[in-house]
Amino acid sequence: MSGPADSIEIQNVVASTGIGQELDLEALADDLPGADFNPDNFPGLVYRTQDPKAAALIFRSGKIVCTGAKSIDDVHDALGIIFDKLRELQIPVDDDPEITVQNIVSSADLGHNLNLNALAIGLGLEDVEYEPEQFPGLVYRMDKPKVVILLFGSGKIVITGGKQTDDAATAVEEIVERIDALGLLG
Amino acid sequence: RLRKWQERIRTKDAGERNLQFALSEIDRMASALGVPRSVREVASVIYRRALNEDLIRGRSIEGVATSALYAACRQEGIPRSLDEVAEVSRVPQKEIGRTYRYISQELGLELKPVDPKQFVPRFASALELSEEVQAKATEIIDVSAEQGLLSGKSPTGFAAAAIYAASLLCNEKKTQREVADVAQVTEVTIRNRYQEQIEAMGFR
DNA sequence: ACTTTACTTTCTAAAGC
DNA sequence: GCTTTAAAAAGTAAAGT
């Protein structure tokens with residue numbers, strides 16, 4: 001039984017954490033090979049890990065944003081690598097910094113083409129943004145779970161804004177139900 | 001007392017001047033776009049509503065005025081593309097689109113997606129094409145939209161391709177470049193939409 | 001005409017203007 | 001509001017071969 005729920009793939013996880021220690025980013029930029037730091041453009045230092053592939057924004061306050069990871073485990077692994085690197089540089093890092101998942105971006109396939117014009121009216125113009133002159137996807141804001149879904153003519157969708165692992169699955173279940181109720185699911 | 005009173009007059013005057021500026025800008029842009037007076041009036045109403053609902057805070061007067069005009073054109077069924085509106089505005093296209101989405105949402109305009117057919121009369125007459133070509137282009141749009149080809153596609157590109165196809169079918173051929181110029185899309189887009197539409201019509 | 005690169009949209013945290 | 005980072009979707013566009 002392969003349905004839309006089985007096609008869900010996490011594409012990006014954004015998380016935040018902090019080492020509980022102020023940082024000298026100028027010095028860190030010199031000591032961390034591959035670090036990008038342009039304080040004129042952005043206050044954060046950018047550091048990328050290769051395995052798992054992720055990008056971290058490190059701030060003077062010691063707070064860190066990790067993005068680009070493909071799973072929550074990868075977020076922990078990537079941040080673990082960064083914590084170790086900082087410790088190697090004699091920077092005190094909290095023992096087990098709390099890591100908060102802020103956003104999960106997933107993709108899925110409904111398995112049928114969608115008539116976005118009909119869907120815009122059916123789902124309710126007040127909850128929908130569909131401006132094909134600007135972007136080919138229909139933007140649907142869902143309250144429960146609180147996520148934003150981008151729907152495309154191909155039936156492929158993107159779910160973003162979720163913080164729980166199962167938000168995407170719940171959202172897919174819900175959107176399929178609503179589209180089906182409108183008789184717009186192939 | 002007197003100071004507070006003068007301040008009130010000053011803000012009232014400033015607000016009045018801003019409103020007059022916005023309305024004159026709507027008028028200027030509407031003229032440049034060649035839209036009828038009724039559309040300018042609808043745009044003015046939308047702008048005043050945005051003003052009353054305090055939607056202008058944090059946004060430029062010109063941006064809201066331009067978006068109000070863009071929305072009014074759509075509401076009156078004679079849409080202009082964001083490209084066309086941006087050409088007569090001093091506000092960048094990206095900001096017009098963003099502001100339009102915001103005021104549209106806040107005022108509950110609930111405008112339906114732009115119908116490509118609404119561009120046909122204007123584009124076709126700019127190309128001096130006959131009523132027959134216009135009717136054919138309209139038919140092509142209806143048939144291909146019915147088959148689900150419209151989802152996600154730009155309305156101007158969709159209309160341009162249908163007009164190009166219709167001009168060929170009616171022996172009043174216009175080049176892809178000529179159609180692309182009036183619709184402000186690229187030849188590549190016309191080519192891509194044209195192929196799909198011809199197939200949907202059962203030609204080929 | 002073909003490919004490659006890049007920009008449009010959504011989300012989210014971070015510090016500061 | 002902006003700045004930066006990542007990722008997917010599909011359309012559009014421009015540059016280079």
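Labels below follow one simple rule: chain letters A, B, ... track the order of the sequence lines, proteins then strands, and each chain is numbered from 1.
- Between F83(A) and I64(A) there is a side-chain heavy-atom pair separated by less than 4.5 Å.
- You can see that DNA chain C meets the heavy atoms of chain A within a 4.0 Å-exclusive cut from dT8(C) to dG16(C), reading 5' to 3'.
- Listed in residue order, the members of residues 96-107 of chain B having a heavy atom less than 4.0 Å from DNA chain C are R101(B).
- Sorted pairs that involve residues 2-17 of chain A and meet salt bridge (Lys or Arg N to Asp or Glu O under 4.0 Å), not counting sequence neighbours, are lacking altogether.
- Residues from residues 177-184 of chain A lying near DNA chain D, meaning a heavy-atom separation below 4.0 Å, are absent.
- Separation of the P atoms belonging to dA13(D) and dT9(C) is 15 Å when rounded to the nearest angstrom.
- For the pair G162(A) and V65(A), both in contact range of DNA chain C, the more 5′-proximal nearest nucleotide belongs to G162(A).
- Nucleotides dA9(D) and dC2(C) place their P atoms 23 Å apart, quoted to the nearest Å.
- Side-chain atoms of L151(A) and I179(A), non-hydrogen and from C-beta on, do get closer than 4.5 Å to each other.
- With sequence neighbours excluded, no residue forms a ring pair (Phe, Tyr, Trp, His ring centres under 6.0 Å) with F37(A).
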For DNA chain C, what is the dot-bracket line, given that a base pair needs Watson-Crick (N1 to N3, plus N6-O4 or O6-N4) or G-U wobble (N1-O2 and O6-N3) geometry with both distances under 3.5 Å, and | means paired with another strand? ||||||||.|.||||||
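- Using a cut-off of 4.0 Å between Lys/Arg side-chain N and Asp/Glu carboxylate O, E26(A) and R60(A) are scored as not salt-bridged.
- Between N117(A) and Y130(A) there is a side-chain heavy-atom pair separated by less than 4.5 Å.
- Within the structure, salt bridge (Lys or Arg N to Asp or Glu O under 4.0 Å) contacts touching residues 87-102 of chain A (residues at least two apart or in different chains) are D84(A)-R87(A).
- Listed by first then second residue, pairs satisfying salt bridge (Lys or Arg N to Asp or Glu O under 4.0 Å) with a partner in residues 185-198 of chain B read K153(B)-E196(B), R177(B)-E187(B), R193(B)-E196(B), not counting sequence neighbours.
- T66(B) pairs by the side chain to side chain donor-acceptor pair (under 3.5 Å) definition with S89(B), not counting sequence neighbours.
- If you check the side chains of S60(B) and E95(B), you find a donor sitting under 3.5 Å from an acceptor.
- With a 4.5 Å cut-off on side-chain heavy atoms, N38(A) and D40(A) do not count as touching.
- For K70(A) (side chain) and Q11(A) (main-chain N/O), a donor-acceptor pair under 3.5 Å exists by modelled atom type.
- Pairs passing the salt bridge (Lys or Arg N to Asp or Glu O under 4.0 Å) check and including a residue from residues 116-138 of chain A, sequence neighbours excluded, read E129(A)-R141(A), E131(A)-R74(B).
- Side-chain contact between Q75(B) and I46(B) is present, with at least one heavy-atom pair separated by less than 4.5 Å.
- Between D36(A) and R48(A) there is a salt bridge, since a side-chain N of the basic residue sits under 4.0 Å from a carboxylate O of the acidic one.
- The pair E41(B)-R37(B) does not count as a salt bridge, with every side-chain nitrogen at least 4.0 angstrom from each carboxylate oxygen.
- With a 4.5 Å cut-off on side-chain heavy atoms, L23(A) and I58(A) count as touching.
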Sugar-phosphate or base contact per nucleotide [nucleotides 6-12 of chain D; S, B, -; heavy atom under 4.0 Å]: BBBBBSS
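- Here K53(A) does not pair with D74(A) in a salt bridge; the nearest charged N to carboxylate O distance is not below 4.0 Å.
- A heavy atom lying under 4.0 Å from DNA chain D marks none of the residues of residues 110-123 of chain A.
- R59(B) comes within 4.0 angstrom of no nucleic acid atom, judged by non-hydrogen atoms across all strands.
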